[in-house]
Amino acid sequence: QVHLVESGGGLVQAGGSLRLSCAASGTIFSINPMGWYRQVPGKQREWVATITSADNTNYADSVKGRFTISRDNAKNTVYLQMNNLKPEDTAVYYCTLNTIFWGQGTQVTVSS
C-alpha cells in the first residue's frame, strides 16, 4: 500500500509563489509517474502536471510556464513549484502516484 501526504498549501496573494510537496511511502516511488491534480468545489478534478520516472514533464496549458513539477527519488517526494499564482489557481491540490494512489489534498488559496 502506498501512502501520499501533501504539504505546502496556504494563502498567497496574486503574483506570489508556493511550493507543494508530496511525500510517498513504499518502495515503488521511483519507477512510477507522479502527478498533480486540482479540484474546485462543484467541478471535476483537473490535471495540472505529470512527471515520469525518466523525469519527462507535461503541464496543463493553464499552468505552463508558471508551474514546475520535479521529483527527488531519494526522498520519495514530488514537488510542485507554483509561481505567478492567479486567483483561478485556487483549489485543493492532490498528488497521485500513477493515478492509482492519491493524497488527501492541500488547499491553495490565491487572493486578488
Side-chain angles (χ1 to χ4, degrees):
Q1 185 72 12
V2 175
H3 187 53
L4 304 174
V5 179
E6 300 100 334
S7 61
L11 173 64
V12 65
Q13 288 189 331
S17 298
L18 283 174
R19 187 194 196 204
L20 305 184
S21 300
C22 174
S25 65
T27 59
I28 62 173
F29 176 86
S30 64
I31 64 173
N32 279 279
M34 297 294 297
W36 288 94
Y37 284 68
R38 64 188 182 187
Q39 189 168 23
V40 175
K43 294 189 176 182
Q44 285 190 331
R45 193 167 292 187
E46 173 191 29
W47 169 71
V48 174
T50 300
I51 184 166
T52 69
S53 58
D55 284 346
N56 296 312
T57 59
N58 280 292
Y59 300 92
D61 287 343
S62 59
V63 307
K64 201 171 293 184
R66 300 187 297 122
F67 290 11
T68 302
I69 189 171
S70 61
R71 64 192 299 162
D72 185 337
N73 291 335
K75 296 181 179 179
N76 276 12
T77 301
V78 62
Y79 304 96
L80 186 68
Q81 177 67 44
M82 305 185 295
N83 298 328
N84 190 22
L85 282 160
K86 304 176 180 180
E88 52 264 41
D89 294 319
T90 296
V92 177
Y93 284 71
Y94 299 89
C95 74
T96 178
L97 186 148
N98 208 9
T99 67
I100 297 173
F101 299 99
W102 294 84
Q104 82 290 349
T106 185
Q107 176 70 47
V108 171
T109 303
V110 184
S111 63
S112 56

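Just so it is clear, the values below take in all heavy atoms, side chains as well, and ignore hydrogens, waters and symmetry mates.
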Practice task
Any pair with a residue in residues 101-112 that passes salt bridge (charged side-chain N to carboxylate O under 4.0 Å, His left out), sequence neighbours left out, goes on the list, sorted by first then second residue, please.
Solution key: none

Problem - Sequence-distant partners of Ser70, side-chain contact (heavy atoms from CB on, under 4.5 Å), two or more places apart - result: Tyr79

Practice task
Find the distance between CZ (Arg19) and OG (Ser7) and round it off to the nearest 0.5 Å.
Solution key: 9.5 Å

Exercise for the section: Determine which pairs satisfy salt bridge (charged side-chain N to carboxylate O under 4.0 Å, His left out) with at least one residue from residues 47-59, sequence neighbours left out, and list them in order. Expected result: none

Practice task
Heavy atoms only: give me the nearest Thr68-Tyr59 pair and the separation to one decimal.
Solution key: CA-OH, 3.4 Å

Exercise for the section: Applying side chain to side chain contact (heavy atoms under 4.5 Å, CB included) between Met34 and each of Thr96, Asn76, Ile51, report the one that passes. Expected result: Ile51

Exercise for the section: Calculate, to the nearest 0.5 Å, the distance between atoms CG and CG belonging to Asn98 and Asn32 respectively. Expected result: 5.0 Å

Fill in the blank from the handout: The complete set of ring-ring contact (aromatic ring centres under 6.0 Å, His included) pairs with one or both residues in residues 82-109, sequence neighbours excluded, reads Tyr37-Trp102

Exercise for the section: Provide the full list of salt bridge (charged side-chain N to carboxylate O under 4.0 Å, His left out) pairs with a residue in residues 43-52, sequence neighbours left out, each pair given once. Expected result: Arg38-Glu46

Practice task
With the side chain counted from C-beta on, respond yes when Val40 and Thr90 share a heavy-atom pair under 4.5 Å apart, and no when they do not.
Solution key: no

Problem - Residues that Ser17 engages under side chain to side chain donor-acceptor pair (under 3.5 Å), provided they are two or more places apart - result: Asn83

Problem - CG-CD1 distance between Asn56 and Ile69, expressed to the nearest 0.5 angstrom - result: 11.5 Å

Practice task
Return the set of residues passing side-chain contact (heavy atoms from CB on, under 4.5 Å) with Val12 (not counting sequence neighbours), or none when no residue passes.
Solution key: Leu18, Leu85, Val110

Fill in the blank from the handout: For Asp61, the salt bridge (Lys or Arg N to Asp or Glu O under 4.0 Å) test, sequence neighbours excluded, returns Lys64

Practice task
Just jot down the side chain to side chain donor-acceptor pair (under 3.5 Å) partners of Thr109, sequence neighbours excluded, or say none.
Solution key: Gln107

Handout entry: Nearest non-hydrogen partners of Val48 and Val63, listed with the distance
Key = O-CG2, 3.7 Å

Problem - Set of side-chain contact (heavy atoms from CB on, under 4.5 Å) partners for Asn84, sequence neighbours left out - result: Arg66

Fill in the blank from the handout: Here the gap from Cys22 atom SG to Glu6 atom CD, rounded to the nearest 0.5 Å, amounts to 5.0 Å

Exercise for the section: Would you give the length of the straight line joining atom CG of Asp89 to atom OG of Ser62, rounded to the nearest 0.5 angstrom? Expected result: 7.0 Å

Exercise for the section: Consider only side-chain heavy atoms of I, L, V, M, F, W and Y, link residues closer than 4.5 Å, and tell whether Leu20 and Trp47 are in one cluster. Expected result: no

Problem - With Thr106 via side chain to side chain donor-acceptor pair (under 3.5 Å) - residues at least two apart - result: none

Handout entry: Residue pairs involving residues 71-88 (criterion salt bridge (charged side-chain N to carboxylate O under 4.0 Å, His left out); sequence neighbours excluded)
Key = none

Handout entry: Least distance between heavy atoms, Val108 atom then Met82 atom
Key = CG2-CE, 3.8 Å

Practice task
Taking all non-hydrogen atoms of both residues into account, name the closest pair between Pro87 and Ala14 and its distance.
Solution key: CD-CB, 4.1 Å

